[in-house]
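Residue numbers run from 1 in the order of the sequence given. Indexing begins at 1, ligand by ligand and atom by atom, following the structure's order. Heavy-atom basis, side chains included; hydrogens, waters and symmetry copies ignored.
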Amino acid sequence: MADITSLVRKNILSLKPYSCARDEFQGEASAFLDANENPFNNPYNRYPDPLQWKLKESITAKKKVPATHIFLGNGSDEAIDLVFRVFCEPAQDNVVAIAPTYGMYQVSADINQVEYRKVHLNDDFSLNAKRLLNNVDEQTKVIFLCSPNNPSGNLLDRYEVLHVLENFGGIVVMDEAYVDFSPEDSWLTHLTHYPNLIVLQTFSKAWGLAGVRLGMAFASPEIIMLFNKVKYPYNVNILTQELVLEHLQYESRKRSWVNLLLQERERLVVELRQLSYVNTIYPSSANFVLVKVGDANAIYNYLVELSIIVRNRNNVMLCEGCLRITVGSPYENDLLINALKAYEG
Ligand SMILES: *Cc1c(COP(=O)(O)O)cnc(C)c1O
């Protein structure tokens with residue numbers, strides 16, 4: 001089993017973190033004269049809780065994961081960046097990731113000057129764990145997995161993922177941004193068994209809060225403490241903490257959005273199947289579908305002309321000729337379907 005400490009950068013292990021006023025004293029006081037804040041309640045004059053305990057308690061109640069296993073950040077992107085800053089020595093360590101996948105892993109690797117090793121999925125976007133592990137060496141600190149995967153939409157096979165977890169001694173990141181749309185269980189239930197596992201989730205997709213920027217990382221308390229040590233002291237502002245706390249009450253609304261979007265996805269698939277220039281519709285467990293068409297660039301540009309914007313993945317390896325289409329509202333989906341039918345003439 002992975003020894004987390006041995007994976008951490010030396011400078012991070014020895015780092016003495018910034019100690020903010022709200023770390024030294026917590027609770028109620030009659031006068032807060034410790035943080036040079038403006039005393040007049042407007043009502044955002046006070047610094048936010050650096051560790052977002054109230055929000056974490058609410059997330060704990062939903063996810064059944066103790067608050068000590070939760071990190072909250074400015075989108076999942078903050079957690080992705082922290083993985084590099086905590087575990088990867090620039091110009092020395094490397095990470096291994098499936099390809100194609102979410103673009104931020106590579107961008108974060110490049111910013112942190114960490115070698116990013118892409119291992120292509122099979123043609124049907126399934127994972128071959130053995131091939132992935134063949135690209136691991138002594139300097140590989142992290143493996144990035146994403147399920148359901150973006151941009152392919154498929155779930156990674158449980159047994160292939162388990163093979164990675166059982167045979168890799170470094171950190172395994174499992175990005176579950178689309179888990180709410182998936183029929184399979186989250187990897188959260190495996191956290192206690194794998195102290196090297198980090199599960200990422202977000203409020204940006206099913207919860208409808210992309211503009212608010214709140215991402216979650218779930219991991220062993222050891223990893224969470226390292227993230228807390230390195231993050232900006234007040235990384236999640238008061239507006240975000242309060243708003244997400246409020247929206248957590250509306251889980252039934254989220255569920256009905258998900259149900260509607262899944263119905264709409266099936267309607268979209270049925271309509272797309274009837275178009276002569278659609279070659280493949282890849283199976284999706286997310287709120288988008290990847291579609292291989294005759295001429296992706298031409299169709300992309302045609303849709304842009306009609307002010308309908310999809311994601312052109314034509315230049316991504318294994319996605320040649322593909323468009324990634326987000327499932328929109330029934331009205332938006334109608335616009336798209338009618339436009340595509342008209343393209344056929
Ligand atoms: C959309 C998406 C995210 C979300 O990132 P945020 O920073 O939380 O908005 C994360 N991972 C994947 C794979 C995504 O597609």
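Looking at residues two or more places apart in sequence or on another chain, you find no salt bridge (charged side-chain N to carboxylate O under 4.0 Å, His left out) involving Arg324. Annotation: side-chain hydrogen bond (donor to acceptor under 3.5 Å, both in side chains) contacts of Asn297 (sequence neighbours excluded): Asn312, Asn314.
For the pair Lys56 and Trp53, the cation-pi criterion (under 6.0 Å, within 45° of the ring axis) is fulfilled. In this structure, Arg253 fails the cation-pi test against Trp207, since its NZ or CZ atom is not both closer than 6.0 Å to the six-membered ring centre and inside 45 degrees of the ring normal.
Looking at Asp123, Asp124, Asn128 one by one, the single match for side chain to side chain donor-acceptor pair (under 3.5 Å) with Ser126 turns out to be Asp124.
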List below, pair by pair, the N or O atoms of ligand 1 and of the protein that are less than 3.5 Å apart, including the distance to 0.1 Å; reply 'none' if no pair qualifies.
from: ligand 1; atom 1: 7 (O); to: Ser76; atom 2: N; distance (Å): 3.0
from: ligand 1; atom 1: 7 (O); to: Asp77; atom 2: N; distance (Å): 3.3
from: ligand 1; atom 1: 7 (O); to: Asp77; atom 2: OD1; distance (Å): 3.4
from: ligand 1; atom 1: 7 (O); to: Asp77; atom 2: OD2; distance (Å): 3.4
from: ligand 1; atom 1: 7 (O); to: Arg213; atom 2: NH2; distance (Å): 2.7
from: ligand 1; atom 1: 8 (O); to: Ser76; atom 2: N; distance (Å): 2.7
from: ligand 1; atom 1: 8 (O); to: Ser76; atom 2: OG; distance (Å): 2.8
from: ligand 1; atom 1: 8 (O); to: Thr202; atom 2: OG1; distance (Å): 2.7
from: ligand 1; atom 1: 9 (O); to: Ser204; atom 2: OG; distance (Å): 2.6
from: ligand 1; atom 1: 9 (O); to: Arg213; atom 2: NH1; distance (Å): 2.8
from: ligand 1; atom 1: 9 (O); to: Arg213; atom 2: NH2; distance (Å): 3.4
from: ligand 1; atom 1: 11 (N); to: Asp175; atom 2: OD1; distance (Å): 3.3
from: ligand 1; atom 1: 11 (N); to: Asp175; atom 2: OD2; distance (Å): 2.7
from: ligand 1; atom 1: 15 (O); to: Asn150; atom 2: ND2; distance (Å): 2.8
from: ligand 1; atom 1: 15 (O); to: Tyr178; atom 2: OH; distance (Å): 2.6
from: ligand 1; atom 1: 15 (O); to: Lys205; atom 2: NZ; distance (Å): 3.2

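Alongside Ile238, the hydrophobic cluster contains Tyr44, Leu239 (criterion: ILVMFWY side chains under 4.5 Å).
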